[in-house]
Every structure is written in structure tokens, then in C-alpha cells.
2 protein chains.
Amino acid sequence: MSQTVDRALSILPLLAEGPADLGQVAERLGVHKSTALRLLRTLHEHGLVFRQSDQRYRLGARLFALAQEAVENLDVREIAHPHLLALNEKCGHTVHLAVYEEQEVLYIDKVESRYPVRMYSRIGKPVAITVAAVAKLLLSDFPEAERRAFAEKLDYPAYTSRSTPNAAAFLRELAQVREQGWATDLGGHEESINCVGAPIRGADGRVVAAMSMSAPNVVVTAEELLKLLPLVRRTAEAISREYSGAVPDARNAL
Amino acid sequence: MSQTVDRALSILPLLAEGPADLGQVAERLGVHKSTALRLLRTLHEHGLVFRQSDQRYRLGARLFALAQEAVENLDVREIAHPHLLALNEKCGHTVHLAVYEEQEVLYIDKVESRYPVRMYSRIGKPVAITVAAVAKLLLSDFPEAERRAFAEKLDYPAYTSRSTPNAAAFLRELAQVREQGWATDLGGHEESINCVGAPIRGADGRVVAAMSMSAPNVVVTAEELLKLLPLVRRTAEAISREYSGAVPDARNAL
DNA sequence: AATGAACGTTGCATATCTTGCAACGCATGC
DNA sequence: GCATGCGTTGCAAGATATGCAACGTTCATT
């Protein structure tokens, strides 16, 4: 829509791959070096790009700060956080909070397991959308037409033998999740890791976020984790109530 | 340098403060609504900006992804990470890795304490530059003139009674840190939290990063934490060696 | 139900701002 | 000492962003 800005912003993903010098940037943008220079300078002034000692350009620090502030201003996150902490205190497993945004589901909060075995995930990272419990919860709330259209467009990587294999299976699972009001991921992403999750709803009943509890097999079996489902659901409901405008209630904080 | 891009990028920090609608953005940019609209659209196409359900604009998901990739491509980080993990395994406290960039010191990696009491910090977040052990380490390596110039420009917030009070005190401390090759922050940022840190050097001896170990008083006293200093320094040296091109050595991995 | 305000959106003519070019300075290597 | 490669600058040409005015919608008000 705006050529100049478009070009400038195209530099960012390019630099995300690794540092590059002026010539490389210009070439990949398909513009003259002087043009690339001026764009980089502007990005630099705003701190989005940084010039390292060997003169090459990198993504800059301001990017972190922005991402940071963005995540901290999410009101669901703010409300949910103490609840997630409380849940973690109670059973010690990793707790995640995720939202759907622009074709992706991404973690916006995480409380680490107290057990030494940790799973890899990071706030801001898009989740494996076809298998993650939180993704199923968020997508299950879409109107059916959108759900189907979306499911068709996805890839279904076979992370493990229990990964969702295709759109049909995914849609079936979404229907079930919608029905029952909770979701699982039993070894669908990593063979040895199970999750159970529950939706967080706004005042209008729409799912605005989803939370999950994850634990590796070596710590608790899938059955044991499922026993904790009521606790997860109660937590999600407490967050939902508070998010919908109810006063924080100490009795529900658990 | 490029007006259009400049305006577009100015939108980002603005939205970092919280969601805003088109009119607000246009007003704060000092441009016509239609101009703001087109800029926002371009930002949107690149995923840096996101339109939430109430039509207002927010910072978008791509921002996280970019920040993520940026941090993961840092080669110091990649090399250091296993060492940090090993150190954490060994003594259980929070371990940080930080670099200096564009007038700021920021955490680029963190391994959480295994103790229940956690400190607040986040990857990408700028540190309290006048008190943090990692900041002292990174700045102590500056040439003296720059060090002084930089120290003069800083603010010296009194986080606690033991915070660095002014430039003179800071410069004295930097000189000492430079001399001894390690640094501490004993309650300078938060009354009850102590840190000890050591520098990571490149092949040319310059400090490229700094690491620290932090623990609250309630877990270990400052004296006990200082006893762990040799361990921290050995870890930093192992990282330095590997970063300078030495082959990873299992005997140093500790 | 009707009116009005507020907001986002579009097409268009103007002129501002970006662009590519060519030339320069500087370092590095042959 | 010369050549090559890189980043940088000033300038003229014209592509491109801009503000305006008008339209469509939604929402609150009377």
C-alpha cells in the first residue's frame, strides 16, 4: 500500500535470518544501494535495526522492547497471570496462555514447570496449530464455515505418530472440543509430552484465550494429568469470570 | 531520513502504549487520517500491527516472531546457552546472559531458578544499567573517555539504599570491576536480591557479553553467593574460550 | 423511527518526497 | 601503487505519498 514503508519493513524478516551488509539488503530488496541505505538508516533511527561492529546490520534492541510492551499490555494476560501462577504453585507443571491472532496461535504467557524436565516453548512463539490443545480450543470457537476453510488451508506435519493427520480429523476433533469444553494434546507434538487445556471466554461467551497445563510422561502419565483437568477448567473459568468483569474473588483464585 | 517510513515506524511505540484507533494515530502523528490509514495498512500487511475486534489497532504477532528470531541468531547466546544450563543445574539459581547494544544493556538469555522464589526479568528487557552486575561488566570494558561520557549521561535512580548514587560512584565501581574481572550487585536493584557476574570475552579480549547468577537473600546470603563466584567465572571463561574459536571441551563444560 | 455524529474508507489532483544515477572517499588486497 | 569493493552524498526526474472532500456505516440520541 505504501511502497517505501513496504520496502523498509521487508528488511526486517530479511535481517531476522541473520546479519547482512548493505549490498545484500539492496539486492534482496531489488533497489539501489543508496535506497537501501536510506531505509536502513530510518530503521536504525527507530532502533529496529542495529549496526554491529563489522558494519553489518542486525535486528535491533527496540524490537524486543516493543514485543515486550505489546505482550504486557494484553489485558487477558494481566488478568490471567496470577491464576496461572496459582495453578503452577498447586501442581508444579508448566502452564501456558495463548491467543489466536492473524492465522496463528501464540503463547502470551508461560509459567515454567517446577520439575527439572522442561519443555521448549517461548512467549511469542507460534504454537503447532494442528496439535496443541490451546490451538484446538481457540479454533473450535470459530463459526463452522471459517473453521472448515481454515482447516483446509493448514499443513498437517507428522510431528509424531499421534499428530493430527489431516483436515478431516482436525475438524472432527474441533467439533468434539467445542462440545466438551476442553482439549488435550496427548503426544501429538512431542511423543513424551501431554497437555490438557481449557478455554477462557469473554462476557459474550466467545473464546478469547486458552490455557493449558503440560507435563512430560516421565513426570506424570496422561491419565494422571487428566485427573487435573477439573482444576485447569476451574482456573480457566475463574479467569473468564474476572475477564468478563466480575470482581476478583479470593475463593476462586485457586 | 525517509519521512514516510519514519512516520510509519513512529506508530509502533505509540501502539506499544496500548491500542489506539485510526483518529488517535493520525492525530499523534500529525497527519491526515487517510495517510495514517495507509501507513497502518502497510504495517498490517507485514504483521507488525494487528486489528483487534473493536477495530482498534494493536502491535502484531510478527513482532514477537522477529524478536524471537533475532535473539536466537545471536551466536554468543547459542554458544553460551548449554553452559548456562549446566551452571543452573549445578547450583539452581537464576542465570542471566546480557549484551550491550545502543546505549542499553539487555538480557538475551535466562535460565530460571529452580527455587520457588523467582525474580522478575525477561529476555529482551533492558536492565537497570547503573546497578546490574552484567551492566557494570559490559561498561567497564569501554575506553575510559567513553565510559566517563556515558556515565555522565545516565540517570541514577535510587532503587534501594544501596543503588549506585551518581556518576562518580559508578565510575569508581567500573574501574574496580575492570580491575578484578568480576562484578556484583548486592541489593542495588531490589533490596533482597544479590548477583555475581563475570565477563565473556572474544578472541581479542574485548568483553562481548556478560553473565550473572542471581539469588534472593531468603535462599542464600550474599556471602554464600560470593562463594559461588569462582564457578561463575569458570563458566564465563569456558564460554569465552568457545566463543573465541576453541573447540567445545567437555571438561570445561562443568 | 429518524436524525446526527463519529469513524473508517476511497478517488483524485498536487507537489512533496523518494529514487536511481554517477561520482567520491575510504579501506583492503593484489 | 593500483585496482576492487564497499558505504556514502548531491542532484535532477518523476514516481509516490499526501490532504482534501465526499461517501458508506455504525452507533447513540431525540
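Residue numbers start from 1 in every chain, and the chains themselves are labelled A, B, ... in the order their sequence lines are given, proteins ahead of strands.
Here C/dC7 presents its P atom at 15 Å from CG of B/L40, a figure rounded to the nearest Å. In this structure, NE2 of B/H44 is placed 15 Å from P of C/dG8, rounded to the nearest angstrom. If you take CG of A/L29 and P of C/dT18, they are 16 Å apart, rounded to a whole angstrom. Rounded to an integer number of Å, the gap from CG of A/D6 to P of C/dT19 is 11 Å. Rounded to whole Å, atom C1' of D/dA17 lies 15 Å from atom CG of B/L43. Rounding to whole angstrom units, CG of residue A/L37 and C1' of C/dA23 are separated by 16 Å. In this structure, CD of A/Q55 is placed 11 Å from C1' of C/dC26, rounded to the nearest angstrom.
Comment: B/R56 engages B/D54 in a salt bridge, judged by a side-chain N to carboxylate O separation of less than 4.0 angstrom.
Of the residues B/L48, B/I11, B/T35, the one that meets the side-chain contact (heavy atoms from CB on, under 4.5 Å) test with B/L40 is B/I11. The one candidate from B/L37, B/L43, B/L39 that meets the side-chain contact (heavy atoms from CB on, under 4.5 Å) condition with B/R41 is B/L37.
On a pure distance criterion of 3.5 Å, a polar donor-acceptor pair joins the side chain of B/R38 and the base of D/dG19.
Of all nucleotides listed (C/dT10, D/dG7, D/dT16), D/dT16 comes nearest to the side chain of A/Q3. Comparing D/dT9, C/dT10, D/dC6 against the side chain of B/S34 picks out C/dT10 as the nearest. Checking D/dG19, D/dT9, C/dT9 against every side-chain atom of A/R41, the shortest atom distance belongs to D/dT9. Nearest to the side-chain atoms of A/S2 among the listed nucleotides D/dG19, D/dA17, D/dG7 stands D/dA17.
Judged by distance alone, with hydrogens and angles left aside, the side-chain atoms of B/R147 form a donor-acceptor pair with the main-chain N or O of B/F142 at under 3.5 Å.
Nucleic acid contact for A/R7: sugar-phosphate only, since backbone atoms but no base atoms lie under 4.0 Å from a heavy atom of the residue. Using a 4.0 Å heavy-atom criterion, one finds that A/T4 contacts the sugar-phosphate atoms exclusively.
Side-chain nitrogen and oxygen atoms of B/T35 include at least one within less than 4.0 Å of the OP1 or OP2 phosphate oxygen of D/dG19. For A/R56, no side-chain nitrogen or oxygen approaches OP1 or OP2 of D/dG7 to under 4.0 Å.
Nearest-nucleotide positions on DNA chain D place A/K33 closer to the 5' end than the other of B/K33 and A/K33. Across the interface with DNA chain C, nearest-nucleotide mapping of A/L39 and B/Q24 shows B/Q24 to be the residue nearer the 5′ end. Between A/H32 and A/M1, it is A/H32 whose nearest contact on DNA chain D lies nearer the 5' terminus.
Ring geometry for A/Y100 against A/F150 counts as perpendicular: the plane angle is over 60°, on a 0 to 90° scale with 30° as the lower cut.
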